[in-house]
Amino acid sequence: MLETRYRFPPADRADEDGLVAQSDHIDAEMAFTAHSQGIFPWYNPGDPILWWSPDPRAIIPTDAIHTSHSLHKQMRHGDYRLTLDTAFAAVIAHCAVCHGDSWITPEMRDTYLTLYEQGRAHSCELWQGDELVGGLYGVGLERIFCGESMYSKRPSASKIVLVRFCAWLAAHGIDTLDTQFLTPHLISMGGIHIPRRDYLARLTDNPDAHRGRWQWQETG
């Protein structure tokens, strides 16, 4: 069981918008405790830190991600390589600027950098030659990877990251990629809604099961 000094209200007591709680600060212990209970932080700069558990919850089952024929061809013939946990700071920095006004505040960035140093947050990086052209970061639990943000500097780079990272997650017993909300892009990749109760049922008493540095290995 995770020992923590923080206590959140139960996720299923969120209001109709999915808001569970608010706080005046955020740190790594608080964020990991929240994720392990099905709750995540999301707020605008200058506002209180807001903690959410929406119903329904958006996920991608890691063994059911959609891959088009053209994407398969691009992955086979493109000069791409993937790594894990080798450029976390660069990935979160790109995510913070690639979508315009960002919810990834300096405080939020420091929180997840600390989680990375603890072996609890992870990044997947896509390289073309020596250039980092796409990536994703989030928090790893026993069955769930809580995706926080991703970015792409090349056409289809984010799709390649999702497809190959989901295959790696599935091979390591992580059956759920939590995307929090759905977008048309995520729906096209296999994103679905599930009831919050079903999401909470995927949480376990061992959120640190995969703690440590992750290493990329091809999954076949």
Side-chain angles (χ1 to χ4, degrees), residues 1-60 62 85 88-89 91-92 95-96 99 102-124 136-150 169 174-182 186 191 193-212 214:
M1 294 290 290
L2 178 67
E3 294 185 4
T4 177
R5 59 199 163 112
Y6 295 114
R7 294 290 181 267
F8 284 90
D12 57 9
R13 293 186 186 173
D15 70 15
E16 61 182 12
D17 296 320
L19 181 63
V20 176
Q22 69 177 48
S23 62
D24 60 4
H25 76 287
I26 183 173
D27 61 31
E29 183 184 347
M30 185 183 292
F32 191 75
T33 299
H35 282 295
S36 70
Q37 297 176 10
I39 300 165
F40 61 87
W42 185 46
Y43 62 99
N44 293 318
D47 289 346
I49 289 82
L50 303 179
W51 302 88
W52 303 86
S53 184
D55 188 16
R57 188 70 163 252
I59 68 160
I60 296 177
T62 57
D85 287 353
F88 186 93
V91 168
I92 196 170
C95 289
H99 303 299
S102 180
W103 56 271
I104 305 175
T105 64
E107 186 179 33
M108 183 77 87
R109 189 183 308 186
D110 289 346
T111 292
Y112 284 86
L113 284 168
T114 299
L115 287 171
Y116 169 71
E117 292 165 1
Q118 294 174 349
R120 288 167 157 170
H122 307 276
S123 58
C124 180
L136 173 154
Y137 80 94
V139 172
L141 305 177
E142 185 169 13
R143 290 183 56 191
I144 300 171
F145 185 82
C146 307
E148 286 296 294
S149 186
M150 65 186 307
L169 292 172
I174 301 174
D175 56 28
T176 303
L177 174 61
D178 173 20
T179 67
Q180 301 173 355
F181 304 102
L182 285 183
L186 292 173
H193 275 137
I194 62 172
R196 180 171 54 213
R197 63 178 181 274
D198 292 352
Y199 180 88
L200 297 177
R202 300 177 188 218
L203 300 171
T204 73
D205 290 338
N206 188 16
D208 272 328
H210 304 288
R211 186 173 181 176
W214 290 0

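Counting begins at 1 with the first residue of the sequence. Note: hydrogens, waters and symmetry copies are ignored here, and every other heavy atom, side chains too, is used. These numbers come from a predicted model, not from an experiment.
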Sole candidate of Tyr116, Phe40, Tyr112 that passes side-chain contact (heavy atoms from CB on, under 4.5 Å) when paired with Val139: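 Among Tyr116, Phe40, Tyr112, the one that satisfies the side-chain contact (heavy atoms from CB on, under 4.5 Å) with Val139 is Tyr112.
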
Nearest 0.5 Å, what's the [atom1]-[atom2] distance between [X] and [Y]?
X	Y	atom1	atom2	answer
Cys124	Leu136	SG	CG	7.0 Å
Asp55	Glu16	CG	CD	12.0 Å
Leu182	His193	CG	NE2	4.0 Å
Phe8	Met30	CZ	CE	5.5 Å
Arg5	Thr33	CZ	OG1	9.0 Å
Asp27	Leu115	CG	CG	9.0 Å

Less than 4.5 Å apart, any side-chain heavy atom of [X] and any of [Y]?
X	Y	answer
Leu203	Ile144	yes
Asp47	Trp103	no
Trp51	Ile26	yes
Gln37	Val20	no
Met150	Ser123	no

Can you check whether [Y]'s main-chain N or O pairs, donor with acceptor, with [X]'s side chain at less than 3.5 Å?
X	Y	value
Arg211	Gln118	yes
Asp17	Leu19	no
Arg143	Thr204	no

For the residue pair [X] and [Y], what are the closest heavy atoms and their distance?
X	Y	answer
Ser53	Gly38	OG-O, 3.0 Å
Cys146	Tyr199	SG-OH, 4.0 Å
Thr111	Ala31	CG2-CB, 3.8 Å
Arg202	Ile194	NE-CD1, 3.9 Å
Ser36	Pro207	CB-CB, 3.9 Å
Leu141	His35	CD1-O, 3.4 Å

Measure centre to centre between the rings of Trp52 and Phe181, then say whether the value is under 6.0 Å.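 Ring centres of Phe181 and Trp52 not closer than 6.0 Å.
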
May I ask you to decide whether Arg197 forms a salt bridge with Asp12, counting only side-chain N to carboxylate O separations under 4.0 Å?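 So Arg197 does not pair with Asp12 through a salt bridge.
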
My understanding is that only one of Thr176, Thr179, Asp198, Asp178 makes a side-chain hydrogen bond (donor to acceptor under 3.5 Å, both in side chains) with Arg57; could you say which?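 It is Asp178, the one option of Thr176, Thr179, Asp198, Asp178 that forms the side-chain hydrogen bond (donor to acceptor under 3.5 Å, both in side chains) with Arg57.
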
Is a side-chain donor-acceptor pair under 3.5 Å present for Thr105 with Tyr43?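 A donor-acceptor contact under 3.5 Å links the two side chains.
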
In terms of relative ring orientation, are Phe145 and His122 parallel, tilted or perpendicular, with 30° and 60° separating the classes?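 The rings of Phe145 and His122 sit tilted, inter-plane angle from 30° to 60°.
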
